[in-house]
2 protein chains.
Amino acid sequence: MNAAPTVYDVAERSGVSIATVSRVYRNPDSVRAATRERVLAAARELGYVPSGNARGLASRSTGVLGLCFPDYADPDTADIEDDDAAMLYSDQIIRGMERAARRHGYALLIAASLEGGPESLVAKVAGRVDGFAVLARTVPTEELEVISRRQPVVMLAGPRADPSLDHLDHVEVANEDGQYELTRHLLHDHGLRRLAYVGVDDTSPDVEARFRGFRRACAEAGVDTGTEPALRMPMMTQAEGARAADLLCGSDTDTDGERPEAFVFANDQMAVGALQALERRGVRVPDDVVVTGFDGIPLSRLVRPSLTTVRQPMVRLGEQAAELLIGRLHGQSGDEPVSLVLPVSVARRESCGCAGKGTGTFGAV
Amino acid sequence: MNAAPTVYDVAERSGVSIATVSRVYRNPDSVRAATRERVLAAARELGYVPSGNARGLASRSTGVLGLCFPDYADPDTADIEDDDAAMLYSDQIIRGMERAARRHGYALLIAASLEGGPESLVAKVAGRVDGFAVLARTVPTEELEVISRRQPVVMLAGPRADPSLDHLDHVEVANEDGQYELTRHLLHDHGLRRLAYVGVDDTSPDVEARFRGFRRACAEAGVDTGTEPALRMPMMTQAEGARAADLLCGSDTDTDGERPEAFVFANDQMAVGALQALERRGVRVPDDVVVTGFDGIPLSRLVRPSLTTVRQPMVRLGEQAAELLIGRLHGQSGDEPVSLVLPVSVARRESCGCAGKGTGTFGAV
DNA sequence: TTGAAAGCGCTAACAC
DNA sequence: GTGTTAGCGCTTTCAA
C-alpha cells in the first residue's frame with residue numbers, strides 16, 4: 001500500500017488551502033460549489049480518504065460508540081455446529097446497539113475481553129470511542145471508575161453492584177419480577193408444589209435477584225423454600241445443568257425424599273443441559289418433571305421439548321445503552337445517573353406443559 | 001467530563017519524559033521496572049487512558065478491523081417483536097468476524113450504510129481501521145476501488161462482479177451448487193416436475209448464480225425451464241414473497257395452466273412470506289405445494305412448516321474475512337488476490353415434505 | 001535505559 | 001469564501 005494522500009496533497013492538486021479541503025468534508029456548504037467540485041475531483045483522483053485518527057485527535061470526538069463484553073464462550077455451545085443455536089446475548093445486544101447508534105450517525109466498536117498486557121480491553125476501546133457500554137463485570141471496577149471520569153459509560157445487565165460506580169448510567173432487566181412471574185405460573189397454573197431452584201456458586205447479582213423472585217412467589221403460595229437454592233453449581237453451563245439434573249434425580253436430596261416436581265434453573269444453558277440429561281435417564285419432560293430456564297436464548301426454543309423460560313429483551317438493552325450514551329454526549333441527560341429496568345416476559349412453552357402447540361406460520365414460538 | 005490527562009501529565013507526575021511513558025505502554029520491558037511502576041502509578045492516579053486516535057495517527061495503525069454492511073432492514077421483519085427471528089446474516093457475519101479478529105488482538109468496527117453527505121459510510125469506516133470487509137454492493141464500486149489502493153479490503157458474498165475490483169480478496173458461498181443440490185433433491189427425491197423459480201428484478205450476482213444452479217439441476221433431470229425465472233419480484237421481502245405466491249396460485253401463469261408443484265424462492269424472506277400467503281389461501285404445504293428458500297436465516301426454522309432451504313455458513317464467512325485481512329496486514333498473503341468459495345448445505349425440513357420429525361433434545365433442527 | 005524533538009493528518013480559531 | 005497558524009496526544013528516530 002502506498003503512502004496515503006493527505007489534505008496537503010489534495011490541497012495542492014486543487015489549488016486551495018488545506019483548510020478548504022477540510023471544510024469540503026466537514027461542512028460542504030461553506031465552500032463555493034466550484035471550489036468544492038475541484039477539491040472533490042482531486043480527492044478522487046488521488047484516492048484520498050480522511051484519516052479518522054487525525055480527525056478524532058483534532059476534534060476530540062470520534063463518532064464511534066463502544067461495547068465491551070466478556071468472552072462468553074460456553075464451551076458446550078462452542079462446538080454446536082449450528083450457528084443459530086450458538087447466538088448469545090451479546091449478539092443481540094450488539095444488534096440493538098448498532099441499530100440505535102446508526103440512527104444517530106454513530107458507528108459501533110465491539111471488543112470482547114481477552115487477556116493482555118497493561119493495555120486492558122477497556123483502555124483499548126475507551127481510547128477510540130466517545131462513550132461505551134460494558135456488560136456487567138467484564139472489566140475491573142477500579143478501571144471503570146477511572147475511565148468513567150473522562151467519558152460516558154453505561155453498565156449493562158447486572159445491578160450497579162459497586163457503590164463507586166454509582167454515578168454511571170445503567171440498564172438492566174427485571175430479573176426478580178421475571179422469575180417471580182414464571183414461578184407463580186408453575187405454582188398457580190400448574191399446581192406444582194415441590195420446586196428446586198438451581199443457582200450458581202459464584203454469587204451474581206442477576207442470579208440472586210432471580211432467586212429472590214422465586215422465593216417471593218413460593219412464599220406467597222405458602223410453599224416453603226430454604227433461604228438457599230436447592231443446588232448451586234460451579235458454572236452456568238450445559239454440562240453443569242446436566243449434572244444438576246442428575247443430582248436432583250439420583251439421590252433423594254429433597255424434603256420428601258422424592259424428586260422435585262420442577263427444576264427451576266437460573267439460566268437457559270443449564271436448563272438445556274438438564275433436558276438432555278433427563279432424556280438420557282428416561283425421565284419425561286414435562287410429564288415426569290417440569291424444567292424452566294431464564295434468558296430466552298435462541299436455543300431455548302430449538303430444543304425438544306421447547307423450554308419455558310423468561311425472555312430478556314436484549315436487543316432493547318443494546319438500544320437503550322446507545323440512546324443513553326448519545327444522550328450524555330449531547331448533554332441532554334441531567335446530572336443524575338439514569339437507571340433503567342427493562343421488563344421481561346415469560347415464554348410458556350413445552351417444558352412446563354404449556355405445549356404452545358403452534359398454529360399458523362409463526363406458531364410454536 | 002474534565003480534560004483527559006495526557007502523556008505529559010503522566011510524565012510530569014512521575015518525573016520522566018513522555019517518551020518513557022509511551023514506552024511503558026508499548027513495550028513495558030524496555031523500561032526499568034522501578035520506572036515503570038512509577039509511571040503506572042501516576043497514570044492510575046490521574047486516570048490516564050492513552051488516546052487511540054493519537055496513537056493511530058502517530059503509528060499509522062489502529063488495531064481495528066471494519067465491516068460495512070447494507071441497511072438490511074426488511075420492513076416486514078422490522079416489526080416482528082421477536083428478536084431472534086429478526087436476526088439476519090449480518091449478525092452472524094459480525095459474530096464470526098469479531099471472534100476471528102479477537103483471536104488476533106483486533107477489535108471490530110461495524111457500520112451499516114445510511115445516507116449521508118460526502119462522507120460516505122466506507123470513508124468513515126476506512127479512515128479508522130487497518131482494513132475492512134464489505135458486504136457485496138454496500139458501497140459504490142468506484143469508491144471501493146479508490147480506497148482499496150490504500151488498505152486491504154475484502155468483498156463478502158457476491159462474486160467479484162466488477163473487473164476494477166479484481167485485485168481484492170473475496171469470499172463467497174457456493175450459491176450455484178447449493179441451489180443445484182436443493183433442486184436436485186426436489187426433482188430426484190420428491191419426484192417433482194413443475195417447479196417455479198422466483199427471483200428478483202434487480203439482477204444480483206448471487207441470485208443469478210442460484211438460478212443457474214436451479215436450471216442446471218432441471219436440465220439434468222430433463223425438466224424444461226425457460227432461461228428466465230418464472231417470476232421476478234421487485235424486492236426480496238416477505239411481502240413480495242406473499243405476492244409471488246398469490247400470483248403463482250391465482251392466475252394460471254405456468255405452461256400447464258396448473259399451479260406448479262413447487263415454489264423455489266431465491267431467499268428465505270420471500271419463502272416465508274409465501275408460506276403465510278398460502279396458509280391464508282388454504283393451500284397446504286408441503287401437501288399441495290412444496291416451498292423452498294435460500295439462506296438459512298433463523299426464522300426459516302421457526303415458521304410452520306419449517307422451511308427447507310440452503311444454509312449459508314455466515315459465521316465462517318465472517319471469520320474468513322477477518323483472517324484474510326489480517327493475513328494481508330501481516331504481509332503473509334502473496335500478491336495474488338485470494339478468492340474463496342465456502343460450501344453450503346441443504347437443510348431438508350418440513351416445507352418440502354422431509355418433515356425432519358425431531359427426536360431427541362436437538363431434533364427438528 | 002532514557003530524553004529531545006520532529007512529525008503523524010486533521011480541525012479550529014482567527015485573519016483576510 | 002478562503003488562507004494561516006497552532007495545536008490535538010502520541011510514536012519514533014536519534015542522541016546521550
Side-chain angles (χ1 to χ4, degrees), chain A residues 1-39 42-43 46-63 118-119 123-124 126-130 150-151, chain B residues 1-39 42-43 46-63 118-119 123-124 126-130 150-151:
Chain A
M1 306 290 151
N2 317 310
T6 73
V7 267
Y8 290 95
D9 302 316
V10 178
E12 185 180 347
R13 177 149 194 148
S14 50
V16 299
S17 73
I18 61 166
T20 299
V21 175
S22 175
R23 289 196 188 95
V24 167
Y25 284 87
R26 256 177 321 103
N27 187 1
D29 296 328
S30 69
V31 176
R32 196 193 311 155
T35 317
R36 194 194 316 145
E37 289 316 321
R38 210 141 33 89
V39 171
L46 258 26
Y48 168 72
V49 178
S51 153
N53 284 325
R55 291 183 127 179
L57 221 209
S59 65
R60 311 131 183 308
S61 87
T62 63
E119 306 249 41
K124 178 164 187 176
R128 331 194 121 281
V129 302
D130 292 341
R150 257 83 223 189
Q151 59 182 299
Chain B
M1 305 292 149
N2 317 310
T6 73
V7 266
Y8 291 95
D9 302 316
V10 178
E12 184 179 347
R13 177 150 193 146
S14 50
V16 299
S17 73
I18 62 166
T20 298
V21 174
S22 176
R23 288 197 187 92
V24 167
Y25 284 88
R26 260 180 319 102
N27 186 3
D29 296 327
S30 69
V31 177
R32 196 192 309 154
T35 317
R36 193 194 316 145
E37 290 315 321
R38 210 143 32 90
V39 171
L46 258 29
Y48 168 72
V49 177
S51 152
N53 284 325
R55 291 184 126 176
L57 182 53
S59 66
R60 309 135 185 304
S61 86
T62 63
E119 306 247 42
K124 176 164 189 176
R128 331 195 121 283
V129 302
D130 292 342
R150 256 81 224 188
Q151 60 182 301

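Order of the sequence lines fixes the chain letters, A, B, ..., with proteins taken first and strands second; residue numbering starts at 1 for each chain. Quick note: numbers below take in every heavy atom, side chains included, and nothing from hydrogens, waters or symmetry partners.
Heavy-atom minimum distance, A:R150 versus B:L46: NH1-O, 2.8 Å. Taking each heavy atom of A:Y48 and A:P5 in turn, the nearest pair found is CD1-O, 3.3 Å.
Residues that satisfy the side-chain contact (heavy atoms from CB on, under 4.5 Å) test with B:T6, not counting sequence neighbours, are B:Y8, B:D9.
In terms of modelled atom types and a separation under 3.5 Å, the side chain of A:R23 and the main chain of A:S30 share no donor-acceptor contact.
When the P atom of C:dG9 is taken as reference, atom CZ of B:R150 falls 12 Å away, rounded to whole Å. The distance from atom CG of B:L57 to atom P of D:dG7 is 17 Å, rounded to the nearest whole Å. Rounded to whole angstrom, the span from the CG atom of B:N27 across to the P atom of C:dT1 amounts to 10 Å. Here C:dC8 presents its C1' atom at 13 Å from CG of A:D9, a figure rounded to the nearest Å. A straight line from CZ of B:R26 to C1' of D:dT13 spans 11 Å, rounded to a whole angstrom.
If you check every strand for non-hydrogen atoms under 4.0 Å, B:R60 touches sugar and phosphate atoms only. Residue-level contact check: A:V21 touches neither bases nor backbone, having no heavy atom under 4.0 Å from any strand.
Here A:S17 does not reach the OP1 or OP2 of D:dT4: none of its side-chain N or O atoms lies under 4.0 Å away. For the OP1/OP2 pair of C:dT11 and a distance below 4.0 Å, the side-chain nitrogens and oxygens of A:S22 include at least one atom meeting the criterion. Taking side-chain N and O atoms only, B:R32 has no distance below 4.0 Å to OP1 or OP2 of C:dT1.
Not a single donor-acceptor contact under 3.5 angstrom links the side-chain atoms of A:R36 to the base of D:dG1. A donor N or O paired with an acceptor N or O is found under 3.5 Å between the base of D:dC10 and the side-chain atoms of B:Y8.
With C:dC10, D:dC10, D:dG3 as the candidates, the nucleotide lying closest to the side chain of A:R23 is D:dG3. Side-chain proximity of B:Y48 to the nucleotides C:dG3, C:dA12, D:dC10 is greatest for D:dC10. Candidate nucleotides C:dC10, D:dG9, C:dT2 were compared by shortest atom distance to the side chain of B:T35, and C:dT2 ranks first. Between C:dC8, C:dT11, C:dG3, one nucleotide has an atom nearer to the side chain of A:R55 than all others, and that is C:dT11.
Nearer to the 5' terminus of DNA chain D, by closest-nucleotide assignment, is the contact made by A:S30 (compared with the other of A:S30 and A:A19). Residue-to-nucleotide proximity on DNA chain C shows that, of B:R38 and A:V49, the 5′-proximal contact is made by B:R38. Taking for each of B:S59 and B:G15 the nucleotide of DNA chain C with the nearest heavy atom, the 5'-most of the two is the partner of B:G15. Where A:D29 and A:I18 each meet DNA chain D at their nearest nucleotide, the meeting point lying more 5' is that of A:D29.
Rounding to the nearest 0.5 angstrom, the gap separating the CZ atom in A:R55 from the CZ atom in B:R128 is 8.5 Å.
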